[in-house]
Number of protein chains: 2
Amino acid sequence: MLIRTARDLGAVIRDHRRRLGLGQQALADRIGVSRQWVVEVEKGKPRAEVGLILRALDALGVALLLGGGTSGADDQDGAATDIDAIVDGARGAG
Amino acid sequence: MLIRTARDLGAVIRDHRRRLGLGQQALADRIGVSRQWVVEVEKGKPRAEVGLILRALDALGVALLLGGGTSGADDQDGAATDIDAIVDGARGAG
DNA sequence: GTACTATGTCGCCGTATGACGACATTCGAA
DNA sequence: TTCGAATGTCGTCATACGGCGACATAGTAC
């Protein structure tokens, strides 16, 4: 499932919530937000706080993965293409 | 790359930005936000708006995938486990 | 020494977020 | 019909978001 908009997020949240047999109030309780928040987010509110979205996904047992070419923040590849990244990494380590 | 917190998000955003050779101002311009916003998000601000985060990821060419067991909102599997989901789908269609 | 760029931080401001409470609607049961 | 549960919507409030402008630091080039 590719996520590109807040609406996508809302759709998956609603879908997983129902799959788990949870009500909006039950999910809200798990996340630590109000039922209102769940309603708004499921409608696709784009200005919702990303931290709460992450908590909601976590509460639903949904994992968020990053793709797009590079491995992300983990330079496990061992082949950084930007000298800046190397320098920055060296700085952070030392 | 598994994302669980806003800090993870900030790390990958910063990482990809540098990989693309973009400055904070340049990225902010692409997303349509202020440089300030980029600084805060890269620090891991959990209350940033999810819509802007999505735009940032998009601007960086990063794809956001969902995992966690079920296929998500796409019932392509054809095997819904919850009767509620089926009923809801039927309602939406009719 | 000066100038330029990239980055991090501070204060002020208009506006929206998220919480709370209440009501209406839909669906199922007796 | 009445009762109960889940959901969607409205109005109000304290707080924070995000934008703007300015300053300080670090690295580079002349």
Side-chain angles (χ1 to χ4, degrees), chain A residues 5-7 9-60 73 80 82-94, chain B residues 5-7 9-60 73 80 82-94:
Chain A
T5 69
R7 298 206 67 190
L9 238 16
V12 300
I13 287 177
R14 188 193 194 83
D15 194 61
H16 280 265
R17 178 176 61 77
R18 305 195 88 130
R19 270 174 160 69
L20 262 49
L22 289 173
Q24 293 175 334
Q25 181 61 68
L27 176 59
D29 194 50
R30 279 196 185 194
I31 307 172
V33 298
S34 66
R35 187 173 65 83
Q36 273 292 3
W37 185 87
V38 176
V39 174
E40 293 294 326
V41 167
E42 288 189 350
K43 282 199 306 182
K45 170 179 273 192
R47 309 194 54 164
E49 298 177 6
V50 68
L52 298 180
I53 295 289
L54 257 19
R55 293 237 300 266
L57 260 20
D58 199 47
L60 291 171
D82 281 29
I83 182 65
D84 267 355
I86 302 176
V87 176
D88 191 58
R91 273 181 189 151
Chain B
T5 68
R7 297 206 68 190
L9 237 17
V12 301
I13 287 177
R14 187 193 194 83
D15 194 61
H16 279 265
R17 178 176 61 79
R18 305 195 88 130
R19 271 173 159 69
L20 261 49
L22 289 174
Q24 293 175 332
Q25 182 61 67
L27 175 58
D29 195 50
R30 279 197 185 194
I31 306 172
V33 298
S34 67
R35 187 173 63 85
Q36 285 290 1
W37 185 88
V38 176
V39 174
E40 294 294 325
V41 168
E42 288 189 349
K43 283 199 305 182
K45 167 178 277 193
R47 309 194 53 165
E49 298 177 7
V50 68
L52 297 181
I53 295 289
L54 256 21
R55 292 238 301 266
L57 259 22
D58 198 48
L60 291 170
D82 280 31
I83 182 67
D84 266 357
I86 301 176
V87 176
D88 191 58
R91 273 181 190 151

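Every chain is numbered from 1 and lettered A, B, ... according to where its sequence line falls, protein lines coming before strand lines. Note that these values count all heavy atoms, side chains included, but never hydrogens, waters or copies made by symmetry.
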> Whole Å only: how far is the CD1 atom of A/Ile31 from the C1' atom of C/dA19?
Replying inline: 14 Å
> With respect to the phosphate group of C/dA6, does any side-chain polar atom (N or O) of B/Arg17 fall under 4.0 Å of OP1 or OP2?
Replying inline: no
> Nearest of D/dG19, C/dG21, C/dA19 to any side-chain atom of A/Trp37?
Replying inline: C/dA19
> Taking atom CD of B/Glu40 and atom CZ of B/Arg47, what is their separation to the nearest 0.5 Å?
Replying inline: 12.5 Å
> When the distance from CG of B/Asp29 to P of D/dG19 is rounded to whole Å, what number comes out?
Replying inline: 12 Å
>> Can you tell me which nucleotide in D/dT9, D/dA22, D/dG18 comes closest to the side chain of B/Ala48?
In response: D/dG18
> Is the distance from OP1 or OP2 of C/dG18 to the nearest side-chain N or O of A/Lys45 less than 4.0 Å?
Replying inline: yes
> Over how many whole Å does the gap from B/Glu40 atom CD to C/dG8 atom C1' extend?
Replying inline: 9 Å
> Counting just side-chain N and O atoms, does A/Lys43 come under 4.0 Å of either OP1 or OP2 of D/dT7?
Replying inline: no
>> Tell me the interatomic distance from B/Glu42, atom CD, to D/dG18, atom P, rounded to whole angstroms.
In response: 14 Å
> Under 4.0 Å: is that the gap between some side-chain N or O of A/Gln24 and OP1 or OP2 of D/dG8?
Replying inline: yes
>> Between the base of C/dG18 and the side chain of B/Arg47, is there a donor and acceptor pair under 3.5 angstrom?
In response: no
> CZ of B/Arg18 versus P of C/dT7: gap in Å, rounded?
Replying inline: 6 Å
>> Check the phosphate of D/dG18 against B/Arg55, side-chain N and O only, distance under 4.0 Å to OP1 or OP2. Yes or no?
In response: no
>> Evaluate A/Val33 against A/Val38 for side-chain contact (heavy atoms from CB on, under 4.5 Å), listing each step before the verdict.
In response: CA-CA 8 Å; A/Val33 298; A/Val38 176; 4.3 Å; yes
> Base, sugar-phosphate alone, or nothing: which one does B/Glu49 contact when heavy atoms must sit under 4.0 Å apart?
Replying inline: sugar-phosphate
> Of all the nucleotides listed (D/dG18, D/dT9, C/dT7), which has the minimum atom distance to the side chain of B/Arg14?
Replying inline: C/dT7
> Between CZ of A/Arg30 and CG of A/Leu22, what distance do you get to the nearest 0.5 Å?
Replying inline: 4.5 Å
> If you find the nucleotide of DNA chain D closest to B/Val41 and the one closest to B/Arg35, which residue's nucleotide is nearer the 5' end?
Replying inline: B/Val41
> To the nearest angstrom, how far is A/Gln25 atom CD from D/dG4 atom P?
Replying inline: 18 Å
> Hey, mind stepping through A/Val50 and B/Glu49 against side-chain contact (heavy atoms from CB on, under 4.5 Å) and telling me if it holds?
Replying inline: CA-CA 6 Å; A/Val50 68; B/Glu49 298 177 7; over 6 Å; no
> Once you round to the nearest 0.5 Å, how far does CG of A/Leu52 lie from NZ of A/Lys45?
Replying inline: 10.5 Å
> Nearest-Å distance, CG (A/Leu52) to P (C/dG18)?
Replying inline: 6 Å
>> In whole Å, I'd like the distance from the CD1 atom of B/Ile53 to the C1' atom of D/dG18.
In response: 12 Å
